[in-house]
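Notes for the one structure printed next.
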Amino acid sequence: MADDEPVAETDSEIAVLREQLEEALRNTKRLESTSLLATEELNRRIIEAMPGGIVHVAKDGAILTANEAAMKVLGLSYDALSRRYVADFDQETIWEDGSPCPASDYPVTKALLTGEPQPPVVIGVRRQDGALSWAVFTAVPVRDPSCGAVTGAIVTFLDITGRKHLESSRLRSEGLLQSIMDSTPNPIVSADLEGRVVFAAQLPAFIPKEALIGQPVWSPSPPESQARLRECHARVVSSGELQTVRLEGPQGSKWWARAAPRYEDNKIVGVTYSVWDVTKEKELEARLSVTDRLASLGTLAAGVAHELNNPLTYLLGSLDALVHHEGPLSQEVLHANLFAALDGAARIRRVVADLGSYTRIGEGAHTLSDARELLDSAIRLAGSLIRFRATVKRLYPAGPAWVADDGRLAQVFLNLVVNAAQAIEEGAAESNTIEVRIEPAPDGPTAIVVSDTGTGMSPEVLARVFDPFFTTKANRSGTGLGLFICRNVVEALDGEITLSSTLGSGTTFRVVLPAMLSSAAPERSSLREPGSEGAELGRLRILVADDEHAILQVMKSLLRAHELVTVRDGREAIEMLCNEEFDLALCDLVMPETDGVEVFEEVKRRCPGRERRLILMTGGAFTERTQRFLRTAANPVLKKPFSRDELQDAVLAHVRLLKSE
């Protein structure tokens, strides 16, 4: 038995070892199972947390598993999706161009067949609820690690439905914008913060698009319009508010531009301009302005006739008395009649000058005039209306108050004075007042104020007073254009017109005009000392061209200190100026056959430099051609009728200028 005991002990040890080994194996399996479960849970959580869809597909195309993102894109529950094959989606998928996308072209199908990863493609999936989902699909094969055989594939896809909707909205917006631009004839231009053009459409023929892109938005405009556009651009960028600016184009065309800020991420990144041509509207407005002037002159005709007839009476009477005087004529009687005639002629000249400034056609050349003279002219022209209605109170500054473009402002001031007079009933002139006031500011705007003590306006009338063709005058005796034209003229000069009125207590109009440069104000110093008309410069040789024989005779008398050569034809004047030597030439602007404009241009062409010797005489520029010439010519202009002193001053000043060159 002794020999058997070690065997028994060995068996017992083996049994213990076997039990320990089995326990170790069980623990190992338990650990492996726990680890596998943990890994699977981790993988499942990672897959579920991914933003894109993930689907595990078997070798035969059966769908094994899918995450929530995949089910959301495909519009299927897990149970419905797990019973499907890849081929089941064949009738539910499309390409981006809308054509069908067959299952054979799916990345997963190609991955299962080729065993190669597939690049991403965009495919649309029609869900069972009818909605269309868009996703970027990719696929990679799954292989058996023991033999490398393809056992399935993993499909991943990223939902881009929202992006596709945004893209579709963008395309619709671009299409809408394009249709709007195609349907409007107005140019549209967009510029960056510095004013460089980044986009342009519907440009007029004289502005090539290729030449404008990258250039300042104001580059095609004339200098004056360029300055206004730069200021407008700066205001929009700094304030973020809409602005409107007027522009000039080629051949006198007129344009308006509306500027709006362009935003990106709530920041202003540029300015977009909508531009429209108002040339025809401005031409119509000019014709309406002439209509209003003629209507006003009709209203004032009786008063103008009175202003002319009175001085004409003693002018003609004085001359008639001299002609029919019997017996010796004393110096006292001669002088009395001649001075009365001169006074009458001066008064007639003043009325004609008032009418001339008022009836000037077209826009002025940005000349300067003293506002006092324009207002006094308006008061004189409206004198017949004012006389029995009110007294006029003038409140003028001590020095001159320069304003621009007297031709159009004369119409504005006359309209305001006439309106003030017509607002007062006749018969109580001593108890009613029309006050005309000028309020200049140093280096600032000038305000012209016209107030009356008339009937005033109701709020309803105030709201429409600047509307075209609106009038409250009895029997529609007015055109209804006066105040409409006043506002347009003032705004075109970058000014402002406002009014205040109370029914029964009178009305006040206030016209504010921008500051005028003092350097542009005309000098009015005396050029000639009495009796020195020929002493300083000696005897001059002067050519005078005018078709009126009487004017030539008067010129000989007024310039008797000089050698005068007179002609009555423009063609003869050209030949003499080009072939003979003259210190100076005075030429009438309006003559039959060859006028003053042709004389100037032909002399300039044939003998350049001699055209500068011309002083142009005019009794009125009646055509656009002559007006345009006067606006551009640098030569002095002597307006008829002129006095002896004015003629000699003009001659002296121009000869001085020629000698200084």
Side-chain angles (χ1 to χ4, degrees), residues 342 345-346 349-350 352-353 356 367-368 521-570 572-591 594-604 607-621 626 629-661:
L342 282 174
R349 177 191 178 194
R350 186 179 65 184
V352 172
T367 57
L368 294 182
E523 295 182 3
R524 300 200 174 188
S525 58
S526 175
L527 296 171
R528 177 190 49 79
E529 294 296 329
S532 65
E533 53 268 20
E536 177 185 340
L537 300 173
R539 186 173 172 83
L540 303 173
R541 190 165 191 256
I542 302 173
L543 175 68
V544 181
D546 198 299
D547 61 308
E548 291 280 354
H549 176 73
I551 290 179
L552 295 179
Q553 293 301 112
V554 169
M555 297 288 280
K556 288 179 181 180
S557 298
L558 296 177
L559 295 173
R560 59 182 177 273
H562 306 288
E563 178 189 350
L564 248 69
V565 178
T566 61
V567 296
R568 296 181 63 182
D569 177 72
E572 189 177 355
I574 294 170
E575 296 302 323
M576 296 195 74
L577 281 170
C578 290
N579 295 301
E580 299 185 27
E581 285 296 325
F582 291 94
D583 297 295
L584 200 67
L586 292 102
C587 182
D588 189 27
L589 195 61
V590 179
M591 293 186 291
T594 304
D595 64 12
V597 177
E598 293 174 278
V599 171
F600 177 89
E601 293 174 345
E602 186 66 12
V603 170
K604 183 178 181 181
C607 22
R610 291 196 177 188
E611 78 283 354
R612 292 200 295 271
R613 300 179 188 180
L614 283 169
I615 294 177
L616 302 166
M617 301 184 295
T618 176
T626 54
F629 172 75
L630 288 177
R631 287 197 294 266
T632 57
N635 298 56
V637 178
L638 193 59
K639 293 183 179 181
K640 298 176 181 178
F642 46 79
S643 67
R644 169 180 172 272
D645 289 349
E646 289 170 337
L647 172 62
Q648 293 180 351
D649 283 347
V651 168
L652 179 60
H654 199 49
V655 171
R656 282 177 176 173
L657 177 64
L658 292 173
K659 287 183 176 294
S660 68
E661 292 180 349

Point to revise | Minimum side-chain heavy-atom gap M576-V567 below 4.5 Å | key: yes

Practice item. Mind listing the closest non-hydrogen atom pair of C578 and C607 along with its distance? Key: SG-SG, 2.5 Å

**Study point:** H654 side-chain N/O to A585 backbone N/O, donor-acceptor pair under 3.5 Å
**Key:** no

Check your understanding: Are D569 and D547 close enough that some pair of their side-chain heavy atoms sits under 4.5 Å apart?
Key -> no

Study note, to complete from the structure: Nearest heavy-atom contact between L564 and M555 is CD2-O, 3.6 Å

Review point. To the nearest 0.5 Å, what is the distance between CD (E563) and CD1 (I542)?
Key: 9.5 Å

Point to revise | Approximate separation, where rounding is to 0.5 Å, of L577 CG and E602 CD | key: 11.5 Å

Check your understanding: Can you check whether E611's main-chain N or O pairs, donor with acceptor, with N635's side chain at less than 3.5 Å?
Key -> yes

Review point. From L652 CG over to L540 CG, what is the distance, rounded to the nearest 0.5 angstrom?
Key: 9.0 Å

Review point. Is the backbone of M591 close enough, under 3.5 Å, to the side chain of D595 for a donor and an acceptor to pair up by distance?
Key: no

Review point. Do E581 and R610 sit within salt-bridge range, that is, some charged N less than 4.0 Å from a carboxylate O?
Key: yes

Review point. When rounded to the nearest 0.5 angstrom, what is the spacing between CG in L586 and CG in L584?
Key: 5.5 Å

Check your understanding: How long is the span from the CZ atom in F600 to the CZ atom in R612, to the nearest 0.5 Å?
Key -> 9.5 Å

Practice item. Look up atom CD1 in I615 and atom CG in L638, then write down how far apart they are to the nearest 0.5 Å. Key: 7.0 Å

**Study point:** side-chain contact (heavy atoms from CB on, under 4.5 Å) evaluation trace for V544 with D588
**Key:** CA-CA 8 Å; V544 181; D588 189 27; over 6 Å; no

Review point. Hey, does the side chain of E575 reach the backbone of E572 with a donor-acceptor pair shorter than 3.5 angstrom?
Key: no

Review point. Does a side-chain N-to-carboxylate-O contact under 4.0 Å join K640 and D546?
Key: yes

Review point. So, does R613 use its side chain to make a donor-acceptor pair with the main chain of F582 at under 3.5 Å?
Key: yes

Check your understanding: Does a side-chain N-to-carboxylate-O contact under 4.0 Å join R541 and E580?
Key -> yes

Point to revise | Criterion side-chain contact (heavy atoms from CB on, under 4.5 Å) on K556 and R560, from CA distance to verdict | key: CA-CA 6 Å; K556 288 179 181 180; R560 59 182 177 273; over 6 Å; no

Exercise for review: Determine, stepwise, if the pair L589 / L630 fulfils side-chain contact (heavy atoms from CB on, under 4.5 Å).
Suggested key: CA-CA 10 Å; L589 195 61; L630 288 177; 3.8 Å; yes

